[in-house]
Amino acid sequence: MAEPRQRYSYPGYDVLAKRDTPSWNAQTRAVVEERLAPPAPGFFDAVEWRVLVALCARILPQPALRDRPVPLPEMIDAQMRSGHGDGYRIDGMPPIGECWRQGLRALDAEARLVYGAAFPELTPGRQDALLGAVQRGETQAPEWRGLPPKAFFKSRVLHDIGSAYYAHPTAWSEIGFGGPASPRGYVRMDENRRDPWEAAEHRHDR
């Protein structure tokens with residue numbers, strides 16, 4: 001008989017309890033505060049922004065009653081305005097900002113071509129079906145010209161949205177991560193050991 005699968009949770013753990021402790025210095029606090037309240041969006045236009053909001057909601061849905069949702073669209077917008085990219089560019093792909101703008105508009109155009117409505121107006125099921133087609137490279141809209149849809153989905157949509165999510169304190173608390181190790185650092189690095197300020201996991205068998 002197969003061993004039961006195990007999953008872990010960290011009930012009551014909030015990484016922000018470390019905000020005013022020796023675990024974080026002023027620079028770390030400033031970085032965390034910016035992720036908690038990113039600046040108002042200003043990189044994408046109104047159409048692109050609506051598509052981005054709908055896209056983030058399908059790639060990483062968040063509980064409706066979450067006290068501190070991860071502001072994924074705002075974090076993506078802030079990254080684009082900062083001009084910070086990956087440090088490299090995938091062959092055949094535009095620069096990161098142009099890539100996002102074209103990809104969002106192409107996704108919206110694909111929705112209008114296939115379903116006769118803008119991407120944010122589609123049902124979740126149709127949005128997922130359309131994203132599946134983009135992931136497979138099975139697109140029809142001419143707006144994709146010069147932007148490989150499969151590469152856009154893998155290298156920008158999944159990569160950037162996933163990276164934004166797990167750069168946020170809400171996700172850190174969710175997975176029991178103690179956040180940046182500055183200035184205190186982590187000491188007990190051996191397997192199955194943790195520092196006193198790290199979260200204690202609660203195991204669920206299923």
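The model shown is predicted, which means the values in this text are computed figures rather than measured ones.
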Requested in this report: Kindly determine whether Tyr13 and Glu174 satisfy side chain to side chain contact (heavy atoms under 4.5 Å, CB included), including the steps that lead there.
Outcome: CA-CA 8 Å; Tyr13 178 65; Glu174 186 176 66; over 6 Å; no
Query raised in the report: Any Lys/Arg nitrogen of Arg112 or Glu143 sitting under 4.0 Å from an Asp/Glu carboxylate oxygen of the other?
Result: no
**Report entry** Minimal non-hydrogen separation, Gln102 against Gly146, with atom names
**Finding:** NE2-C, 4.3 Å
Report task. Answer yes or no: are there more than 12 heavy-atom neighbours, outside Glu138 itself, under 6.0 Å from its atom CD? Result -> yes
Query raised in the report: Hey, quick one: are Val47 and Leu113 part of the same hydrophobic cluster, counting side-chain heavy atoms closer than 4.5 Å, chains of contacts allowed?
Result: no
Query raised in the report: Between Arg126 and Phe119, is any pair of side-chain heavy atoms under 4.5 Å apart?
Result: no
Query raised in the report: If we ignore angles and hydrogens, is there a donor and acceptor under 3.5 Å between the side chains of Asp77 and Trp49?
Result: no
Query - SB check Asp14 Arg68 (cutoff 4.0 Å) - result: yes
Report task. Could you go through the side chain to side chain contact (heavy atoms under 4.5 Å, CB included) check for Trp100 and Val157 one step at a time? Result -> CA-CA 8 Å; Trp100 264 108; Val157 174; 4.3 Å; yes
**Report entry** Pairwise side-chain contact, Trp24 with Val31, heavy-atom cut-off 4.5 Å (strictly under)
**Finding:** no
Requested in this report: Check whether any side-chain N or O of Thr139 sits under 3.5 Å from a backbone N or O of Ala141 as a donor-acceptor pair, and report yes or no.
Outcome: no
Report summary line: Between Leu72 and Cys56 the two heavy atoms that sit nearest each other are CB-SG, 3.9 Å
Requested in this report: Step through the shown structure and confirm whether more than 12 heavy atoms of other residues, nucleotides or ligands are within 6.0 Å of CZ on Arg145.
Outcome: no
Query raised in the report: Does the side chain of Pro149 reach to within under 4.5 Å of the side chain of Glu110, using non-hydrogen atoms?
Result: no
**Report entry** Worked verdict on Arg105 versus Asp45 for salt bridge (charged side-chain N to carboxylate O under 4.0 Å, His left out)
**Finding:** CA-CA 10 Å; Arg105 288 196 165 269; Asp45 65 24; 2.4 Å; yes
Query - Working for side chain to side chain contact (heavy atoms under 4.5 Å, CB included), residues Arg29 and Asp20 - result: CA-CA 8 Å; Arg29 293 185 195 100; Asp20 298 317; 4.1 Å; yes
**Report entry** Min side-chain heavy-atom separation Val51-Phe44 under 4.5 Å
**Finding:** no
**Report entry** Spatial distance of atom CG (Leu147) from atom CD (Glu98) [nearest 0.5 Å]
**Finding:** 10.5 Å
Query raised in the report: Closest heavy-atom contact between Ala40 and Arg81?
Result: O-NH2, 2.6 Å
Report task. Enter the distance from Glu74:CD to Gln79:CD here, rounded to the nearest 0.5 Å. Result -> 14.0 Å
Query raised in the report: So do the side chains of Arg19 and Leu36 get within less than 4.5 Å of each other, counting heavy atoms only?
Result: yes
Report summary line: Value for CZ (Arg35) from OG1 (Thr170), rounded to nearest 0.5 Å, stands at 12.5 Å
**Report entry** Heavy-atom closest pair, residues Gly103 and Phe152
**Finding:** CA-CZ, 3.6 Å
**Report entry** Heavy-atom closest contact (Leu52 atom, Pro73 atom, distance)
**Finding:** CD2-O, 3.8 Å
Query raised in the report: With a 4.5 Å heavy-atom cut-off, do Ile96 and His84 have their side chains touching?
Result: no
Query raised in the report: Nearest 0.5 Å, what's the CG-OG1 distance between Asp128 and Thr123?
Result: 8.5 Å
Query - Criterion ring-ring contact (aromatic ring centres under 6.0 Å, His included) against Phe177, the qualifying member of Trp172, Tyr10, Tyr166 - result: Trp172
Requested in this report: For the pair Arg156 and Met93, evaluate side chain to side chain contact (heavy atoms under 4.5 Å, CB included) and give the outcome as yes or no after the intermediate values.
Outcome: CA-CA 10 Å; Arg156 291 280 64 94; Met93 297 275 280; 4.2 Å; yes
Report summary line: Heavy-atom nearest pair, Val15 first then Gly179, reads CG2-N, 4.0 Å
Report task. Check whether any side-chain heavy atom of Leu55 lies under 4.5 Å from a side-chain heavy atom of Ile161, and answer yes or no. Result -> yes
Report task. Return yes if some donor-acceptor pair links the side-chain N/O of Arg136 with the main-chain N/O of Gly132 below 3.5 Å, else return no. Result -> yes
Query raised in the report: Hey, is CD on Glu33 packed in by over 12 heavy atoms from elsewhere, all under 6.0 Å?
Result: yes
Query raised in the report: Is it true that the side chains of Asp160 and Ser163 contain a donor and an acceptor less than 3.5 Å apart?
Result: no
**Report entry** Side-chain touch Met75/His168, heavy atoms, less than 4.5 angstrom
**Finding:** yes
